Amino acid sequence: MGTNSLTDNQIYSLIPEFKIDAVIASVKPFGSGHINDTYRIVNTDVNGSDYLLQRINHHVFRNVPLLMNNLVNVTRHLKQKIRSDSNVLTIIESRSGDPYFQDHDGNYWRVFTFLKNTKSYDMVNTEKQAFEGGKAFGGFLALLADLDVGLVKDTIPDFHNIEFRLANLQKAMDEDKAGRLKDVVPEVGFIQERSNAMSEILRLGRAGTLPLRIVHNDTKFNNVLLDQNDNAQCVIDLDTVMPGYVAYDFGDSIRTIINTAAEDEEGPDHIGLNMHLFEAYTKGFLQEAKPFLTETEVNSLIKGVLLLPYIQAVRFLTDYLEGDHYFKINSPRHNLQRARAQLALVAKLEEDLELLEQIITKTWQRLKA
Ligand code: ADP
Ligand code: GN1
Ligand code: MG
């Protein structure tokens with residue numbers, strides 16, 4: 001959305017705006033995120049720091065100062081507990097001491113220390129990776145469990161509110177701005193049949209049965225960095241850290257881990273479930289989250305497993321109908337393809353729901369024994 005590509009000169013001109021300690025060898029586009037524009041700043045000194053420069057998508061994040069204030073509070077809290085610069089993001093200040101810099105065109109920029117020798121996977125291959133990812137995101141929640149909720153504000157209100165997302169889909173259908181409604185009739189039917197069941201987490205939250213906690217809210221697997229031995233190193237992409245339910249974080253990771261195909265897989269036959277990876281992630285997650293999780297939260301995890309691919313499909317489909325202004329796309333039907341793949345995943349998950357639930361329960365009982 002509105003993310004025009006920048007010339008090398010424009011990128012280079014930003015570097016003196018930050019307290020970067022390096023003679024720059026190169027600046028290269030980096031990563032496969034769908035929202036921000038990310039560049040790696042490479043230092044000529046191979047023993048010195050590299051940096052990660054990001055243009056924050058301010059169409060998606062409407063209040064960047066508030067967002068960066070969240071990041072300052074969250075990373076400070078994590079560092080007080082972990083006392084390590086390689087396991088927590090380090091924000092590099094601007095020359096004027098702010099956690100970001102705004103250029104003349106109104107773009108917001110930030111810099112982190114680049115965590116060298118790490119890997120970010122779009123898809124998971126081994127149980128070890130899945131287990132480590134579970135540990136990282138479960139541990140992240142545990143570390144934030146005692147952070148003052150008042151220090152973390154909503155960066156995108158109603159982010160995982162399924163009723164809000166469904167209302168947005170309905171609005172996009174009513175307006176049909178891009179003339180694409182005719183392409184998505186079966187998908188809309190599938191979504192509507194399940195809309196009531198998918199509101200269960202919201203209902204439990206409103207009733208006070210599920211506690212509202214500070215959660216990550218964007219736990220797809222490429223938002224955790226693993227080291228060269230595939231041990232968890234650092235949870236990244238903290239832009240959506242805000243109040244939510246634990247089931248959201250569990251479900252969003254599972255969406256990317258359990259799927260035998262990519263998030264945007266074109267051939268529905270390739271979409272299947274890898275139960276071993278599910279079990280490994282669940283073990284890692286519950287092991288770390290055990291100190292604070294309530295029984296009700298454990299019972300809600302399976303609902304998140306269905307909800308997150310579903311809500312993601314609703315969001316991709318809405319963006320497709322609105323003309324692709326939110327997620328970065330590689331082709332005109334990319335959002336449709338993504339939505340279809342997520343709905344195919346929901347259908348697969350529904351088939352094996354009991355087995356998935358048993359794995360969660362068994363893993364939890366073993367940990368408590
Ligand atoms: P987006 O919101 O666009 O997904 P991310 O903050 O997740 O942006 O960054 C995009 C990618 O950049 C990540 O998936 C990861 O590969 C890489 N990345 C982010 N932060 C770091 C870091 N501090 N060190 C090394 N790589 C990073
Ligand atoms: C976006 O920023 P990234 O690529 O990690 C999106 C998530 C979606 C995800 C789908 C702020 O995540 O909510 O689940 O794409 N982030 C935002 O791949 O909308
Ligand atoms: Mg990301």
Side-chain angles (χ1 to χ4, degrees), residues 1 3 28-42 49-62 64 67-68 70-71 75 85-92 108-123 133 137 154-161 165 168 215-228 233-242 244 248-249 251-257 259 262-265 304 307-319 325-330 334-335 337-339 341-342 345:
M1 175 211 252
T3 44
K28 304 174 194 156
F30 194 79
S32 56
H34 295 344
I35 304 294
N36 297 314
D37 295 325
T38 303
Y39 303 85
R40 177 178 180 170
I41 301 175
V42 182
S49 267
D50 283 2
Y51 297 89
L52 193 97
L53 170 72
Q54 284 187 317
R55 176 163 61 170
I56 305 165
N57 187 328
H58 63 272
H59 303 287
V60 164
F61 299 105
R62 299 297 174 94
V64 175
L67 174 143
M68 288 309 295
N70 278 2
L71 259 71
T75 53
D85 281 339
S86 49
N87 304 105
V88 183
L89 283 177
T90 301
I91 302 167
I92 303 296
Y108 289 91
W109 297 88
R110 69 177 167 211
V111 173
F112 295 113
T113 305
F114 187 88
L115 293 165
K116 283 185 182 171
N117 302 317
T118 58
K119 298 191 261 184
S120 144
Y121 294 96
D122 290 341
M123 282 181 68
F137 284 123
D154 275 353
T155 55
I156 304 181
D158 290 316
F159 190 58
H160 280 150
N161 177 340
R165 295 294 183 184
N168 280 351
V215 301
H216 184 285
N217 280 308
D218 189 2
T219 54
K220 69 174 171 183
F221 201 71
N222 69 16
N223 286 331
V224 59
L225 299 179
L226 304 186
D227 69 15
Q228 291 303 307
Q233 184 168 325
C234 185
V235 169
I236 58 166
D237 205 343
L238 306 178
D239 298 333
T240 51
V241 174
M242 55 186 167
Y248 293 159
D249 277 9
D252 206 18
S253 299
I254 295 305
R255 179 177 80 75
T256 50
I257 286 161
N259 193 347
E263 180 183 65
D264 58 355
E265 173 60 48
L307 175 64
L308 271 291
Y310 175 87
I311 200 167
Q312 201 50 68
V314 170
R315 294 175 60 200
F316 285 143
L317 203 64
T318 305
D319 200 28
H325 60 71
Y326 187 94
F327 295 102
K328 289 183 185 174
I329 52 164
N330 302 332
H334 202 171
N335 273 318
Q337 194 173 309
R338 285 168 170 157
Q342 293 301 298
L345 181 62

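Whatever order the structure lists ligands and atoms in, that order sets their numbers, starting from 1. Note that this is a predicted model, so its numbers are computed, not measured.
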Asp218 contact mode with ligand 1 (heavy-atom cut-off under 4.0 Å): neither
Any N, O or S atom of Asn223 closer than 2.8 Å to the Mg ion (ligand 3): yes
Contact check: Asn222 vs ligand 2, nitrogen or oxygen atoms, below 3.5 angstrom: no
ring-ring contact (aromatic ring centres under 6.0 Å, His included) evaluation trace for Phe114 with Phe30: CA-CA 11 Å; Phe114 187 88; Phe30 194 79; 5.2 Å; yes
N or O pair under 3.5 Å between Arg110 and ligand 1: no
Heteroatom proximity flag, Ser32 to ligand 1, N/O under 3.5 Å: no
Under 3.5 Å: N/O of Thr240 near N/O of ligand 2: no
Atom 1 (P) of ligand 1: the protein heavy-atom neighbour that sits closest, reported with distance to 0.1 Å: Asp237 OD2, 3.5 Å
Asp37/Lys328 ion pair, N-O < 4.0 Å: yes
No-hydrogen, no-angle side-chain donor-acceptor test under 3.5 Å, Asn36 and Asp239: yes
Side-chain H-bond candidate by donor/acceptor type, Thr240 with Asp218, under 3.5 Å: no
Which of the ligand 1 atoms, numbered from 1, are nearer than 4.0 Å to a heavy atom of Leu89: 23 (N)
Short N or O distance, Asn217 and ligand 2, threshold 3.5 Å exclusive: no
Sub-4.0 Å heavy-atom contact, Arg338 with ligand 2: no
From the candidates Lys328, Lys220, Gln312, His160, the one that places a heavy atom nearest atom 8 (C) of ligand 2: Gln312
Region of Leu115 engaging ligand 1 - heavy atom pairs below 4.0 Å: both
Selected option - heavy-atom contact closest to atom 2 (O) of ligand 2, from Ile35, Thr38, Ile236: Ile35
Short N/O/S contact of Asp218 with the Mg ion (ligand 3) (below 2.8 Å): no
For the Mg ion (ligand 3): the N/O/S atom of Asp237 at shortest distance: OD2
Sub-4.0 Å atoms of ligand 1 with respect to non-hydrogen atoms of Thr113: 23 (N)
Selected option - heavy-atom contact closest to atom 5 (P) of ligand 1, from Gln233, Gln54, Arg40: Gln54
Proximity of Ile236 to ligand 1 by residue part, where a heavy atom lies under 4.0 Å: side chain
